[in-house]
Participant: 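Dropping the structure in here first, questions after.
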Amino acid sequence: MFRYLERSASAIKETSAKVIKADFLNRQTEHVVATVSSKDDLSKWITGSDKDIGGFSSAWLDVTRSGHARFYGYISQLLPEDKRFKKSGYAMIRTHSPKSNLVSSGCWDSSLYRYLALRVKADKRKYFVNLKSDTLISTDIYQHLLPIRTPGRWETVVIPFNMFTLTSNGIIMASQPSMASTKMETVGLSLSDRKEGPFSLEFAWIKAFNSHRTFGECMRLPYTAAMTWNTDFARLDKDL
């Protein structure tokens with residue numbers, strides 16, 4: 001109960017600050033969705049792999065000396081002893097589900113932004129970005145391939161929110177309803193290429209953002225852009 005009230009007090013303070021600034025439209029250019037810069041941040045994340053069902057893959061999340069997150073481990077193609085499973089070889093990380101308070105569900109609102117950006121350094125394997133919104137079916141996940149252009153080097157990957165695809169247990173759904181963008185719960189990364197061997201991906205941050213021309217799914221009016229928003233777009237891709 002005490003922690004619930006503590007979260008509520010923090011949410012009230014944040015909401016009050018927006019009211020004082022008269023920012024009723026919540027016109028933000030970017031929102032930090034997830035980051036890992038210290039050991040304390042690791043408690044905000046969950047790791048998983050086929051080891052959870054008796055497989056032999058491993059997944060770890062740690063902090064590098066440079067203060068970035070490192071998602072690494074080993075993908076094994078060995079099948080679990082349970083004969084019900086015909087496939088194996090996956091690993092994932094994701095943020096914990098949000099905790100509610102008196103004024104908020106704890107979810108974040110992606111409808112205010114056009115893009116999801118990730119600052120990453122990955123190997124040549126095929127990773128997916130996973131978004132979980134408030135849905136009736138717990139296995140519903142919106143996914144998009146993480147398009148790595150320069151393996152082994154830092155780069156900023158940008159994915160429009162409307163390009164994510166609804167999946168369930170790794171299967172693309174025939175029906176593709178829009179995600180509940182005002183109730184985003186978790187963000188994560190996964191690897192399920194089922195190729196035997198080690199893997200490693202580092203990331204500095206995951207952000208939702210608008211360009212200087214966008215406000216969520218809407219285009220900004222030219223006469224308001226200079227007066228209301230001032231986005232330093234180049235800063236999103238600065239070297240670390």
Side-chain angles (χ1 to χ4, degrees), residues 33-34 36 39 41-64 68-99 106-107 110 116 118 120-148 151-152 157 159 161 163-181 183-203 206:
V33 178
V36 176
K39 292 287 186 180
D41 293 331
L42 296 177
S43 62
K44 302 175 183 178
W45 292 78
I46 294 173
T47 61
S49 70
D50 58 56
K51 185 176 291 185
D52 300 330
I53 59 170
F56 300 92
S57 299
S58 60
W60 306 93
L61 182 65
D62 210 340
V63 182
T64 68
H68 307 137
R70 183 186 177 216
F71 169 41
Y72 66 102
Y74 190 92
I75 296 296
S76 172
Q77 292 182 311
L78 292 176
L79 293 176
E81 293 182 2
D82 190 334
K83 301 303 180 182
R84 293 177 300 171
F85 298 101
K86 305 301 181 182
K87 296 180 180 179
S88 188
Y90 70 86
M92 57 75 70
I93 56 170
R94 69 166 176 84
T95 54
H96 277 282
S97 298
K99 296 180 179 180
C107 299
S110 70
L116 185 73
L118 304 90
V120 297
K121 182 173 72 171
D123 52 29
K124 296 182 179 180
R125 305 190 71 149
K126 291 185 178 181
Y127 297 88
F128 281 87
V129 184
N130 307 319
L131 294 175
K132 177 75 171 66
S133 61
D134 185 15
T135 60
L136 294 175
I137 303 175
S138 61
T139 56
D140 280 357
I141 299 291
Y142 286 85
Q143 292 189 310
H144 195 286
L145 179 70
L146 183 65
I148 299 298
V157 175
I159 306 170
F161 279 108
M163 295 298 289
F164 280 80
T165 301
L166 176 62
T167 67
S168 183
N169 291 319
I171 300 174
I172 298 176
M173 297 288 94
S175 176
Q176 289 291 317
S178 300
M179 68 176 77
S181 56
K183 296 182 178 180
M184 302 301 295
E185 296 181 345
T186 68
V187 63
L189 296 163
S190 62
L191 176 63
S192 57
D193 57 8
R194 296 189 175 90
K195 292 183 179 179
E196 187 89 18
F199 67 90
S200 178
L201 179 150
E202 294 182 39
F203 67 92
I206 303 175

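We count residues from 1, following the sequence as given.
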Participant: Short question: side chain of Asp123, backbone of Ser200 - any donor-acceptor pair under 3.5 Å?
Facilitator: yes
Participant: Show the nearest heavy-atom pair for residues Leu189 and Asn130, with the distance to one decimal.
Facilitator: C-ND2, 3.8 Å
Participant: Hey, could you give me each pair passing salt bridge (charged side-chain N to carboxylate O under 4.0 Å, His left out) that has a residue in residues 44-59? Not counting sequence neighbours.
Facilitator: Asp41-Lys44
Participant: Could you tell me the separation between the CZ atom of Phe203 and the CD1 atom of Ile93, rounded to the nearest 0.5 Å?
Facilitator: 4.5 Å
Participant: Fit a plane to each ring of Phe199 and Phe71, take the angle between them on a 0 to 90° scale, and name the class: parallel (under 30°), tilted (30 to 60°) or perpendicular (over 60°).
Facilitator: perpendicular
Participant: Without swapping roles, check the side chain of Thr47 against the backbone of Leu61 for a donor-acceptor pair under 3.5 Å.
Facilitator: no
Participant: Can you measure from CZ (Phe128) to CG (Leu146) and round to the nearest 0.5 angstrom?
Facilitator: 9.5 Å
Participant: Give the minimum heavy-atom separation between Ile172 and Gln176, together with the two atoms involved.
Facilitator: CG2-NE2, 3.8 Å
Participant: Can you measure from OG (Ser133) to CZ (Phe164) and round to the nearest 0.5 angstrom?
Facilitator: 11.5 Å
Participant: Keeping His96 on the side-chain end and Ser43 on the backbone end, is there a donor-acceptor pair under 3.5 Å?
Facilitator: yes
Participant: A side-chain contact here means heavy atoms from C-beta on lying under 4.5 Å apart; do Leu78 and Ser88 qualify?
Facilitator: no
Participant: Is it the case that the side chain of Ser49 and the backbone of Tyr90 share a donor-acceptor pair, with hydrogens and angles ignored and the cut-off at 3.5 Å?
Facilitator: no
Participant: Gln77 side chain to Gly89 main-chain N or O, any donor-acceptor pair under 3.5 Å?
Facilitator: no
Participant: CG of Asp134 to CE of Met184: how many Å apart, nearest 0.5 Å?
Facilitator: 10.5 Å
Participant: Going by side-chain contact (heavy atoms from CB on, under 4.5 Å), Ile75 matches just one of Glu196, Arg125, Lys195. Which one?
Facilitator: Arg125
Participant: Test: side chain to side chain donor-acceptor pair (under 3.5 Å). Region: residues 164-175. Which pairs qualify, not counting sequence neighbours?
Facilitator: Thr139-Ser168, Gln143-Thr167
